[in-house]
Amino acid sequence: MKTVRTRIAPSPTGENLHIGNAYTALINFVFAKKNNGQFIIRIEDTDRSRLVKGSEERILSSLKWLGLTYDEGPDIGGPYSPYRQSERLSLYKNYAQNLVEKGNAYYCFCTPQRLTKMREKQIAQGLPPMYDGTCKRVKSEEVRAKIKNEKYVIRLNVPEEGITEFTDVLRGKISFENKLIDDQVLIKSDGFPTYHLGVVVDDHLMKITHVIRGEEWISSTPKHILLYQAFGWDLPVFAHLPLLRNPDKSKLSKRKNPVWVSWYKEQGILPEALINYLSLMGWSDPNERDKFSLSEMVKHFKLEDIKTTAPIFDREKLKWLNKKYIQDLATLDPKRFTTLLRTMSSYGTTPEFDEKVRKVIPLVSPRISTLKEYDAISSFFHARPQKYEVDLESYQDVISKSADILENIQIAQWKSDRIGEELQKVAKATGLTNSEYFMILRVTITGKKVSPPLNESMEILGKNETIARLQTISA
RNA sequence: GCCCCCAUCGUCUAGCGGUCCAGGACGACUGGUUUUCAGCCAGUAAAUCAGGGGUUCGAAUCCCCUUGGGGGUACCA
């Protein structure tokens, strides 16, 4: 049996890794690993006009961040190097010329202006816009002359009759009438291949066994099949994944949704949570579990189980999952949790991991669903409140009494339980309800009406600091 | 316009001819624990399985049509 080899072929035309590409990458990765195969990254940078500087590097780093490690790629090389199409240019042209010789492709000298006009006319007549084959009929002596001093492209010579069909692992048989398939450009006038040529040549040369990609490629697949046939190559297995959608059901786009993986990282989403959430798109664990790791997914994954209905990428459940993962991390590895917090671009007040931070984490982490939220809740542990959510002036007396009673506790007895007992006494003595009294104290200590548990927080702050904060108000 | 794909609670989904007057999770809501929030526990609402025809003793599950949604239709990927 052939070794399973999958790949994703991102174009460095965006800010970062697109969430849709991350999804495709996940499925390709999991499928490859499930079959002890290889997962490959190939950069398809054939559109020079849309190239974004630094994009490739950021795409690769996001892939790594997500834990989708690849076996071969542009930065790590591999047996089929190079993995960047712009570095494989001469290849494509040779293959295209070979097709011309066999009659499966032809040179085309039509100008973009003529093509536009042609299409407009076709649309006006209610015809499908397609290349009209003018250059297919140019005599070969004439072609040889024109190649020398005219710009040209090379087009695929699609048969005018017949049907091209293929079996999609997820969708079954899909067929297209050849007469509706356009004579696709294979080599552009700048000498670069189009996606269609590049993807077929490279997938073949790199021995890709399974082409798993987004649904938007279904209608180009017959062109690819025709190419494989023209070259006389074996077909890979095709699987077209559902497209992730915006809440309004349109194709996931940056207009309507944050689509860059880097955005989720900056928000304080953990990679494990994003991956887990993505894996819930179109696939479900056989045990109906919602939370599971990448390696657990690999264990239970079956390509055929992917549902073809396009899911909406709705961030609610991602948030819930992230909360779970944050709690796990904070509990199991508070040190790493702290490090992560401190590497956030929105990094705030949390100092390096120490005894105090170790005590703060279990109090704060269950109350956040993204790392970004951590600082707002925990900052009072490390700095006195700058402002108070409630006007405390009329409560000076109560606060002062609270300070006095806490003053009586020995430093060695400074524990949340003891603090609580003492404060209950004050609470009873004042005319205030418990909730009102503790709300006042809470605001005094934390600045906020909502905070981690008060007594425990006071314990962590220590006697001196606690009393100092009370006196700040009562004085 | 033409081609192709898709259709179960608001969302993600289970279901692959009888065990489903459709199950789970998120979200929402109610109650409990409680000094706030979070958590935890208990519970409620939420899908005439898009609609209509078949096939079958029997259909959410198979077939057809309609409708709806999506994708493609470039010298972009």
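Order of the sequence lines sets the chain letters (A, B, ...), proteins ahead of strands, with each chain counted from 1.
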Integer angstrom distance from the P of rU19(B) to that of rA60(B): 9 Å
What is the distance, rounded to the nearest whole Å, between atom NZ of Lys302(A) and atom P of rC16(B)? 13 Å
Looking at every strand, decide which applies to Val153(A) at a 4.0 Å heavy-atom threshold: base, sugar-phosphate, or nothing. base
Nucleotide opposite rA7(B) in a Watson-Crick or G-U pair, distances under 3.5 Å: rU67(B)
rC26(B) base stacked by Trp320(A)? Criteria: ring centres under 5.5 Å, plane angle under 30°. no
Name the nucleic acid region contacted by Asp168(A), choosing base, sugar-phosphate or nothing; use a 4.0 angstrom heavy-atom cut-off, strictly under. nothing
Return the nearest nucleotide to the side chain of Met281(A); candidates are rA77(B), rC12(B), rU35(B). rC12(B)
What heavy-atom pair brings Ala25(A) and Leu68(A) nearest, and what distance separates the two atoms? CB-CD1, 3.8 Å
Minimum-distance nucleotide to Ser11(A) side chain [options: rA77(B), rU11(B), rG27(B)]: rA77(B)
Which of rC26(B), rG39(B), rG24(B) is nearest the side chain of Lys323(A)? It is rG39(B)
In the structure I gave you, are the side-chain heavy atoms of Arg442(A) and Lys449(A) within less than 4.5 Å of one another anywhere? no
Look at the side-chain N and O atoms of Lys324(A) and state whether any lies under 4.0 Å from the OP1 or OP2 oxygen of rC26(B). no
Within the modelled atom types, does a donor on one side and an acceptor on the other bring the side chain of Glu288(A) and the base of rG23(B) under 3.5 Å apart? yes
So which nucleotide from rA77(B), rC4(B), rC12(B) ends up closest to the side chain of Glu44(A)? rA77(B)
So Ser175(A), base contact, sugar-phosphate only, or nothing? Heavy-atom distance under 4.0 Å. sugar-phosphate
Return the nearest nucleotide to the side chain of Phe176(A); candidates are rC76(B), rC4(B), rC75(B). rC4(B)
Quick note, Glu216(A) side chain, CB onward, closest among rU13(B), rA7(B), rG71(B) is rG71(B)
Pairwise P distance, rU30(B) and rG69(B) [rounded to whole Å]: 35 Å
P atom, rA14(B) versus rG24(B): distance in rounded Å? 15 Å
Separation between the C1' atoms of rG68(B) and rC76(B), rounded to whole Å: 29 Å
Gap in Å between the two C1' atoms, one belonging to rG23(B) and one to rU61(B), rounded: 15 Å
Do Ser219(A) and rC4(B) have a side chain to base donor-acceptor pair shorter than 3.5 Å? no
Base, sugar-phosphate alone, or nothing: which one does Arg50(A) contact when heavy atoms must sit under 4.0 Å apart? base
Which atom of Leu51(A) lies closest to which atom of Thr13(A), heavy atoms considered: N-CG2, 4.4 Å
Now, which nucleotide makes the Watson-Crick or G-U wobble pair with rG43(B), with each of the two distances under 3.5 Å? rC29(B)
Select one nucleotide: of rC2(B), rC4(B), rU35(B), the one nearest the side-chain heavy atoms of Leu180(A). rC2(B)
Under 3.5 Å, is there a donor-acceptor pair linking the side chains of Glu160(A) and Asn178(A)? no
To the side chain of Ser284(A), which of rC75(B), rA14(B), rC12(B) is closest? rA14(B)
Side chain Arg367(A) and base rC37(B) donor-acceptor under 3.5 Å: yes
With a non-hydrogen cut-off below 4.0 angstrom, is Pro112(A) in contact with a base, only sugar-phosphate, or nothing? base
Under 4.0 angstrom, heavy atoms only, what part of the nucleic acid is Pro311(A) near: base, sugar-phosphate, or nothing? sugar-phosphate
Need one value for Thr46(A): base, sugar-phosphate or nothing, where a base atom within 4.0 Å counts as base even if backbone is also close, heavy atoms only. sugar-phosphate
Kindly give the atom pairs (protein nitrogen or oxygen, nucleotide nitrogen or oxygen) under 3.5 Å for nucleotides 68-70 of chain B.
from	atom 1	to	atom 2	distance (Å)
rG69(B)	O2'	Arg245(A)	NH1	3.1

So Gly282(A), base contact, sugar-phosphate only, or nothing? Heavy-atom distance under 4.0 Å. sugar-phosphate
Do Asn455(A) and rU35(B) have a side chain to base donor-acceptor pair shorter than 3.5 Å? yes
What's the NZ-C1' distance between Lys121(A) and rG1(B), to the nearest Å? 18 Å
Both distances under 3.5 Å, Watson-Crick or G-U wobble: report the partner of rU55(B), or none. none
Tell me the interatomic distance from Asp314(A), atom CG, to rA25(B), atom P, rounded to whole angstroms. 17 Å
Is Asp404(A) paired with Lys401(A) through a side-chain N to carboxylate O contact shorter than 4.0 Å? no
Given rU35(B), rA14(B), rA38(B), identify the nucleotide with an atom nearest to the side chain of Lys307(A). rA14(B)
For Trp260(A), side chain to side chain contact (heavy atoms under 4.5 Å, CB included) partners two or more places apart: Glu15(A), Asn16(A), His18(A), Lys254(A), Ser262(A)
Kindly point out which of rC76(B), rC75(B), rU35(B) is positioned nearest to the side chain of Leu115(A)? rC75(B)
What contact category does Pro10(A) fall into here, base, sugar-phosphate, or nothing, at under 4.0 angstrom with non-hydrogen atoms? nothing
Between rA59(B) and rG51(B), how far apart are the C1' atoms? Round to whole Å, please. 16 Å
What contact category does Pro247(A) fall into here, base, sugar-phosphate, or nothing, at under 4.0 angstrom with non-hydrogen atoms? nothing
Under 4.0 Å between any heavy atoms, over every strand shown, what does Thr13(A) touch: base, sugar-phosphate, or nothing? Just pick one. nothing
Mind checking if Arg155(A) touches a base, just sugar-phosphate, or nothing, with heavy atoms under 4.0 Å? sugar-phosphate
rC3(B) P sits how many Å from Met130(A) CE, rounded? 13 Å
